[in-house]
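Nothing here was measured: the structure is a model prediction, and the numbers come from that model.
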Amino acid sequence: RMRGFNTLWMPGTDHAGIATQTVVDKRLQQEGKPALKEYKQQELEGKDGRGQFIARVTAWKDEYEETITNQLKEMGCSCDWDRQRFTMDDQCAKAVREAFFQLFKDGLIYRGKRLVNWDPVSQTALADDEVEMQEIDGNFYYMKYPVCDAQGNLTGEFATVATTRPETMLGDTAVAVNPSDAPRAKYIGQFVRLPIVNRVIPIIADDYVVIPLTDADAERSEASGTPIDNKAKMASGFLKVTPAHDPNDYEIGQRHNLAIINVMAPDASISFAYGWPVEKCTENNTDLEALIGLSREEARKAVVKWFKANDLMAEVKPYRHAVGHSYRSHVPIEPYYTDQWYVKVTDDKLRGAALRAMANNQREQSDDGSFKTDEQGELSFTPSRYAKTFQTWHENIRDWCISRQLWWGHRIPVWFVAILSPNGRDSELILRKYLAEVGLEDQVVIRKPETHSFLEVCTHSQEVDLALGYLGTFRQKPLVSVREEELESDRNQILKQAPKLSSVEETAKSIGEFLSFSEQDPDVLDTWFSSALWPLSTMGWPDNTPELAKWNPTSVLCTAREIITLWVSRMVMFNRYFKHGDLPFKDVFIHAMIQDGHGQKMSKSLGNGVDPMDIIHSHGADAMRYTLTKITTQTQDVRLPVDMVDPHTGETFTPEYITASGGVKVAAPEQTYKGKKMVSSYGVASGKARPTDDAPLARNSSEKFDEGQRFANKLWNAFRFALANLENLSGSPRRDGVGFADAKGLALADRWILNQLTKTIGAVDSALREYRFSDYATAVYDFFWRDLCDWYIEIVKRTVKESPAQQQVLATCLDASLRLLHPAMPFITERLWQALNSQVPAAWRGLAGFELKPSEMLIRAAWPKADSALLDTDAERDFELIRTIIIKIREARTAYKIPPRQEVQATTQAPAPIASLLLTNRNITQPLTGCIGRGVGPHVDRPANSAAVLVGEVTVYLHDVVDAQTEKARLTKLLADKEKQVKTLDGRLSNAKYVSSAPAHLVQETRDQHAAAIRELEQVQQQIAELG
RNA sequence: GGGCGCAUAGCUCAGUUGGCUAGAGCAAUUGGUUUACACCCAGUAGGUCGCUGGUUCGAGUCCAGCUGCGCCCACCA
């Protein structure tokens, strides 16, 4: 923005569907208020439970949104606050409906019965990326299934299947054998009688089945050192096939047209009610009946017990394996067979478009040669390695399950409509006629699914919602939960009730000669569906707004690597799809993550994070911002050791840590420091502690932010001093001829600091351009503190009040520093800017070559510009020499323990041009070294008892500070150093290959260094000789 | 199991196409306060750059292997 670009930082929040609904539900339960369960009951009773619950969640969301917004504001984030948006506000909702409608119309959204990742606690489907794998210690169970013929007559043989999930055997519909598995292939075509259930199921051939290792095989592998395939080692050769409860088995079931028997209720308890044809197997089967209603864990124990009791459990082996868990409720995922909505992201119009968007130099050719393209992609990742994450994800992507069985979210804009036509007319025609009657015919897409008897009606129009709502008002039970076989009896029942129906039904009847019912899909969309539309929806899409034209596409997205797949990918696909191939943004900057002091990811639910308000409280917003800018680098995550602040005394201390579940180190819920009690943020987040008056919540802090705080303090004090020296400016500032083009007008220190400033602006610009924010912070820090404060201000502090030139240079540096620092530290720089403005007129700030446009507010000021042609290498070289001499003299003073305030006489031997330089600049060297010059020239005598300070061709003698013996010892040590240095350089130069292969300038540099080292060596030798 | 990354001073991290006599902040340590700043100033000490090989005139930097961590992905027999 300071550089004059058209910029926008739009703040916003998403509704985080599952997380939010779960948290609110839990909180309501804790508070003893009606929670989700109660509201669901109300809904069944025909009351508006859904609406009431959503109102509760909305209230919670409003509260936390305000917290987040306030955090951002306190941090000084310079957002367009009047544009703040929320993924469920009206404008986003409009975009969501339109996007869904278009995708539905184009056949890229479909409803399918599939195995999904089911969370039995929140009772919702999860996307693949919402499943976390955890290593679990479990068992491999080897269960014997009796082999039989098609009629169920046992042959006396057994097929032993191996499984980690015995309870799913209730839903087995086949046993599979690999046809290449010689010893077992003979069973193919036979049957087994499934124990407990007594279902007769076939033994089929499928080469997915792992052939077990024979003992001989195992021995051979071991002998030859080839690793043993773990699966083959554990396999039994017979695979139980449970299509409703295992993704692989589902695939096998599809290949062999096997029945799909779901044996569980949505809460993962064993149940007949969800697709298990039970008529035959329950007859007199008390063993099976005993299992009904058990949780899957209980059922597993019961099934194992049964098999053991009936002598059908061949073996149980311990086995450690990865099991998918819900990222929200943390229970194991149940592969579950239900209807869900999908976006066909595997379509080339989505996946292909995303892959083709990638910058050519970041895209790798696929192994199979697919997605080959000549398109010049513009999507570029920083750091570039994340391009690979993006590419691999798309190459392996599967269709995206977007329905969630929640109430908190965008409701799916599809109605299920069933029309009972007494005279057998086509129901779709009747529906179209009805919609045409009310002028909404073109607002819908109607689809007739193969597997259901009702229509799917997708609409983006709320009017259609109303119109369809009329059709279904009298029907209470959600259609989607009606099983196919129930539908017919439902119809009859409704027809029987017909005479008693309300006027709504009359309305429907009057439009067409039919009886109808409808229900909007009760599910909501995955939160990422609306997040994926963010670059569009926030700009007013689908309308053609000026914002959309101005800020889509935009330049950069800054985000975390963990959501490259969840968010970045989907924004790219959707934006390209809905906006004629336009990318939402060109650059994706993936920033490092701040971890806690133990290298663990910070997490709100874990309570090991740090509230920015705590850091603002302890260090200030600017200190926090500066430090974060400084420590966040490209390559590595940053560990941030977190301290605790005692609320009783304000003292900082290291809290006591405990290991929480999952092996995570967290601050103990209750802490004691100097006998006083307090509660940690983990204690509150986990519900293990509650703050009281005696034991209040302790804030967190971290020493890490001291650096920023010290820097802010340094800025403040430097300005205090500088402004005191810029009072009552008189005379006229120089406007031309003072730039480096005519540098003679300025003294060496002035030219040097302006050179440093020019370099700094260049370094800052390139750092920011390449998203190297840490380098930006470091560059300004070094300029302001190390160059300006440590050297320039120290040099001019005695003279600046009387020197208009120094005042102008100082004011220029101060002005430019504030501009450069404003993005990192907006508060203090703005305050100092006001002080600078009130005291130093614009004419005194800036010089020829430095463009510093006046501005009342720093936040509106322009970025500083320095002409790189103004770099002054002569000044840099000369100043470096003087600075080195000063440093060496200081070292010598320390080495000889000369009291800091004691003045020392000094004579200097140097070649004529340097002698002249030193003489001219003695106003720099003398005050900074505490020396009084007693002569400088090519030939000076060595004073008695003097220490010799050697810098290149310069020798400074400090008078009367040492006895000859001590000095000789020091010089002898120095001599050894120099000899070593010469030897190293000698070695390099005598290496013929180095001289011939290394770049010429490097060889020359080595020669120069060699010559200098020899000269210095000789000088030291001479010094020692002079001492006698 | 696949992929990506990390291991540099006591701590937290830089080190940009190989040229380094390896840096910063903090911590440690010596000395310093008549007015910009002790949240400061001037110094000092501290590293065989995880290990083993290789490429090269030259390796913290490139390659291979090993060890130890972290993250992401993966069809839980």
Side-chain angles (χ1 to χ4, degrees), chain A residues 115 128-129 131 133-134 136 138 140-142 161-165 176 208-210 230-231 234-236 238-242 245-251 319 321-324 332-333 335 383 385-386 388-389 392-393 396 561-562 564-565 593 595 597 599-601 623 627 630-631 633-641 703-704 706-707 709-725 766 770 772 774-775 778 781-782 789-790 793-794 797 887 890-891 893-895 897 899-901 928 977 980-981 984 988 991-999 1002-1003 1005-1006 1009:
Chain A
L115 272 193
D128 290 345
D129 4 274
V131 177
M133 303 310 285
Q134 286 178 28
I136 295 292
F140 244 119
Y141 297 93
Y142 294 82
V161 299
T163 180
T164 56
R165 297 203 51 198
Y208 171 78
V209 181
V210 176
N230 207 26
K231 268 190 182 174
M234 302 299 283
S236 72
F238 292 101
L239 175 68
K240 62 190 274 305
V241 184
T242 324
H245 294 280
D246 184 290
N248 299 316
D249 295 6
Y250 178 78
E251 300 280 323
Y319 185 60
H321 59 130
V323 177
I333 291 300
R385 69 187 122 99
Y386 292 113
K388 185 158 186 168
T389 306
T392 312
W393 162 257
N396 301 311
R561 59 174 176 264
E562 61 192 3
I564 290 173
T565 56
M593 311 258 294
Q595 302 170 329
Q600 308 168 133
K601 201 159 111 180
T627 306
K630 177 83 178 280
I631 67 179
T633 54
Q634 314 261 316
T635 49
Q636 200 166 323
D637 291 342
V638 185
R639 257 176 291 248
L640 185 79
E703 284 185 350
K704 270 278 176 184
D706 291 355
E707 187 178 354
Q709 193 176 28
R710 286 177 177 141
F711 189 38
N713 184 63
K714 187 71 180 178
L715 278 170
W716 186 259
N717 285 307
F719 267 80
R720 215 150 60 89
F721 173 76
L723 290 175
N725 286 286
S766 64
E770 292 160 28
R772 289 182 285 109
S774 176
D775 290 347
T778 307
Y781 180 98
D782 285 345
C789 291
D790 287 357
I793 290 180
E794 287 303 318
K797 73 195 307 179
I887 289 169
R890 283 171 174 172
E891 280 173 20
R893 289 188 67 123
T894 304
K897 298 198 187 336
R901 316 202 55 192
L928 296 192
D977 285 352
K980 196 178 155 197
Q981 200 181 338
T984 306
R988 203 174 293 173
N991 181 338
K993 279 197 168 173
Y994 171 72
V995 177
S996 61
S997 333
L1002 267 171
V1003 177
E1005 194 180 294
T1006 309
Q1009 283 171 353

Phosphate oxygens OP1/OP2 of [N]: is one of them under 4.0 Å from a side-chain N or O of [X]?
X: A/Arg385; N: B/C4; value: no
X: A/Arg639; N: B/C13; value: yes
X: A/Thr633; N: B/A14; value: yes

* Assign each of A/Pro335 and A/Glu891 to its nearest nucleotide of RNA chain B by heavy atoms, then name whichever residue's nucleotide is nearer the 5' end. =>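 Result: A/Glu891.
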Heavy atoms only, 4.0 Å cut-off, all strands: where does [X] land among base, sugar-phosphate and nothing?
X: A/Arg165; result: base
X: A/Ile631; result: nothing
X: A/Leu723; result: nothing
X: A/Asn991; result: sugar-phosphate

Find every protein N or O atom lying less than 3.5 Å from an N or O atom of nucleotides 37-39 of chain B, and list the pairs.
residue, atom, partner, partner atom, Å
B/C37, O4', A/Asn717, OD1, 3.3
B/C37, O4', A/Asn717, ND2, 3.4
B/C37, O2', A/Asn713, ND2, 3.2
B/C37, O2', A/Asn717, ND2, 3.2
B/C37, O2, A/Lys714, NZ, 2.8
B/C37, N3, A/Lys714, NZ, 3.1
B/C39, O2', A/Asn713, ND2, 2.6

How far, in whole Å, is [M] from [N] if one measures between their [atom1] atoms?
N: B/U8; M: B/C62; atom1: P; result: 16 Å
N: B/G50; M: B/C69; atom1: C1'; result: 11 Å
N: B/G65; M: B/C71; atom1: C1'; result: 23 Å

* Asked: When Watson-Crick pairs (N1 to N3 and N6-O4 or O6-N4) and G-U wobble pairs (N1-O2 and O6-N3) count only below 3.5 Å on both distances, what is the dot-bracket string of RNA chain B, with | for other-strand pairs?
  -> (((((((..((((.....[...)))).(((((.......))))).....(((((..]....))))))))))))....
